[in-house]
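A short write-up of the structure that comes next.
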Amino acid sequence: MTPPLLQVPHTSRTAGAADLVTQYWPVLLPVALGFAAVYLLLPRARRYPPLWGAAAAGLALAAAGSLLIRHETDLAESILFYIFAGLAISFGGLMICQRNPVHAALSFAMVVLSTCGLFLLQAAPFLMAATIIIYAGAIVVTFLFVIMLAQQAGLSSADQRSHEPFLATVAGFILLASLLCVLQKSYTSLDHFVERAERAAQASTVAEWQAILGKDESFFTEFREAVRPDRHPRRQDANDPTVVARTNLKNALENAATTWSALTPGEDGKAGQFGPDTVTTFKGQLEKVVEKAHSLRQMQGSLQPAENLPLSTASGTPPNKPAAIVDGKPVERLPAGNAAGLGRALFTDYLLAVELAGTLLLVATIGAIAIAGRRPEGLR
Amino acid sequence: MTPATLQNYLIVGAVLFVLGMIGFLCRRNMILMFLSAEMMLQGVAINLVSFAHYRGNLQGQVFVLFMLTVAACEAAIALALVLILYKSRKTLDVSVWQDLREPDLEPVEDEEPLPPPPPQERLPRLPPAAPAPPQPQEPSHV
């Protein structure tokens with residue numbers, strides 16, 4: 001099935017608002033529902049029925065969940081991701097919509113705990129422990145103490161009203177919509193083509209290929225347009241790994257397109273002249289296209305460190321390099337060496353920053369005591 | 001970790017950040033405003049950790065550790081300030097501090113009155129030097 005996101009040709013640079021909506025409606029739908037939910041649920045003097053907001057929030061979560069794409073990951077990880085992400089987002093929404101500040105602080109503790117689950121899924125066990133101890137253990141408890149000290153009279157009128165709820169929600173959700181559209185555009189623009197090329201590489205007869213790729217060269221033309229190396233004019237360095245990957249993929253596509261034009265019937269409807277070698281060659285070329293596309297998708301946006309970048313090995317090993325040898329032993333890859341690697345990185349690469357952070361903590365302690373420690377003269 | 005997986009974590013981080021931003025902009029309780037700022041930090045932390053996982057090294061995680069430090073400092077200072085502000089005006093509402101606004105801005109006033117508080121249920125009170133008044137007892141199943 002073709003995602004509606006990708007049916008619009010890439011040439012429509014000056015798309016208007018209507019085009020934007022048709023192009024990105026799978027992203028904009030949960031954003032609009034979330035907008036409605038947060039706007040309806042924010043505290044105000046005359047409240048809307050909370051059931052409407054809760055229904056909108058549930059729909060938004062379901063729409064956003066169906067939007068997320070899971071590729072080649074095992075089922076347990078997907079389920080855990082959905083649980084933790086859903087908990088984090090729903091308790092985050094609950095936190096800003098709660099009238100009672102104590103309940104809001106407890107919801108924030110739940111947000112922190114779900115975030116820690118996400119950290120654990122991303123191979124960061126030390127950070128998970130540190131975040132639970134510092135946030136849930138120290139910061140939230142301090143907040144609760146302050147609420148207890150400051151709000152002994154019960155709910156104040158400040159908690160039952162919000163400040164410009166409409167404008168604040170509009171601003172937040174416009175930011176969210178633009179972030180999600182950019183993410184969608186940069187991370188899923190290749191998936192559709194790659195999936196078709198994979199299916200084509202599985203097939204082995206001209207009829208099957210025509211069913212998948214169409215009867216003309218449009219698949220190759222559009223794919224080539226999507227990966228054109230000069231689409232990012234700022235990155236013209238020929239040694240850049242992304243540019244190299246794009247150029248490789250473009251060359252593979254051009255080879256395959258040439259062979260494909262020999263396989264397809266011409267203008268007069270007659271099949272071109274080809275032998276069994278051509279079919280084999282085309283299959284090989286398609287496999288090459290799939291391989292190059294996978295490698296490009298792995299490094300899209302040049303997020304992987306360059307091969308020749310002088311990174312220290314203390315921060316773990318980049319995935320495109322063999323494991324470095326320190327003291328005769330290879331550096332452990334994530335996550336087994338997480339705590340050890342963090343310690344090594346902190347005290348080699350980031351030693352100055354650690355000292356500065358310690359100084360900052362000391363200054364903050366003294367400052368907090370100096371600010372809050374004043375007592376009336378009579379008590380001394 | 002594939003780019004699609006990375007994208008999922010980035011989406012969660014963006015949603016947490018935006019929810020925190022909305023909370024910071026429209027809540028009027030000072031403590032809730034600081035909690036919302038902390039939630040924005042959580043969204044950023046998710047982004048950094050997922051990039052660290054995606055690139056296969058620890059730079060993002062080290063950055064999150066420093067963020068934790070700064071967040072702890074920020075919470076200490078902010079709560080001390082909140083206590084000072086509370087002591088001087090006896091409320092946590094930020095809008096009582098709106099006399100610090102720019103001179104050409106209109107003051108914000110609450111238009112709609114709050115609904116009356118729900119009537120409090122009267123608790124039974126023991127009369128002095130008398131037996132307890134009869135109260136409906138639920139049947140016990142122990």
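Remember, predicted model here, so these are calculated numbers, not experimental data. Residue numbers begin at 1 in each chain, while the letters A, B, ... track the order of the sequences.
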Check this for me: B:Y86, atom OH, are more than 12 non-hydrogen atoms of other residues, nucleotides or ligands nearer than 6.0 Å? yes
Give, as side chain, backbone, both or neither, the part of B:L85 having an atom under 4.5 angstrom from any heavy atom of chain A. neither
Crowded around A:F126 CZ? As in, over 12 foreign heavy atoms under 6.0 Å? no
What part of B:L16 gets within 4.5 angstrom of chain A, counting heavy atoms only: side chain, backbone, both, or neither? side chain
Under 4.5 Å heavy-atom distance to chain A, tell me which part of B:A45 shows up: side chain, backbone, both or neither. both
For B:A75, is it the side chain, the backbone, both, or neither that has a heavy atom closer than 4.5 Å to a heavy atom of chain A? side chain
Counting only heavy atoms closer than 4.5 Å, note whether A:A64 contacts chain B via side chain, backbone, both or neither. neither
Side chain, backbone, both or neither: which part of B:V82 has a non-hydrogen atom closer than 4.5 Å to chain A? side chain
Would one find more than 12 heavy atoms of other residues, nucleotides or ligands at under 6.0 Å from atom CZ of B:R125? no
Region of A:A345 that comes under 4.5 Å of a non-hydrogen atom in chain B: side chain
Find out whether A:Y350 and B:L65 are in side-chain contact, i.e. whether some heavy atom of one side chain is under 4.5 Å from a heavy atom of the other. no
In terms of heavy-atom proximity below 4.5 Å to chain A, should B:F24 be classed as side chain, backbone, both, or neither? neither
Which one wins on heavy-atom pair count under 4.5 Å against chain B: A:V31, A:I89, A:L179? A:I89
Check each atom of A:F143 against the heavy atoms of chain B and say whether the ones under 4.5 Å are side chain, backbone, both or neither. both
Minimum heavy-atom separation for A:A123 to B:Q61, with atom names? O-NE2, 3.3 Å
Between B:M21 and A:L175, is any pair of side-chain heavy atoms under 4.5 Å apart? yes
I need the residue from A:I134, A:L361, A:T365 with the largest number of non-hydrogen atom pairs under 4.5 Å to chain B. A:L361
I need the minimum non-hydrogen distance between A:A168 and B:L25, along with the two atoms involved. CB-CB, 3.7 Å
Output for pair (A:F108 CZ, B:L32 CG), nearest 0.5 Å, gives 11.0 Å
Under 4.5 Å heavy-atom distance to chain B, tell me which part of A:L176 shows up: side chain, backbone, both or neither. both
Flag yes if more than 12 heavy atoms outside A:F91 fall under 6.0 Å of its CZ atom; otherwise flag no. no
Could you look at A:Y135 and say if it's the side chain, the backbone, both or neither that has a heavy atom under 4.5 Å from chain B? side chain
Measure distances from A:V354 to the heavy atoms of chain B and classify the residue's part below 4.5 Å as side chain, backbone, both or neither. both
Answer with side chain, backbone, both or neither: which region of A:L180 has an atom nearer than 4.5 Å to a non-hydrogen atom of chain B? side chain
Need one label for A:V146: side chain, backbone, both or neither, based on atoms under 4.5 Å from any heavy atom in chain B. both
For the residue pair B:M39 and A:M95, establish whether any side-chain heavy-atom pair is separated by less than 4.5 Å. yes
Test item: B:R27 side-chain N/O and A:Q98 main-chain N/O as donor-acceptor pair under 3.5 Å: yes
Please report the shortest heavy-atom distance between B:Q42 and A:T131, naming the atom on each side. NE2-CG2, 4.0 Å
If I compare all heavy atoms of B:S50 with all of A:Q122, which pair ends up nearest, and what's the gap? CB-NE2, 2.6 Å
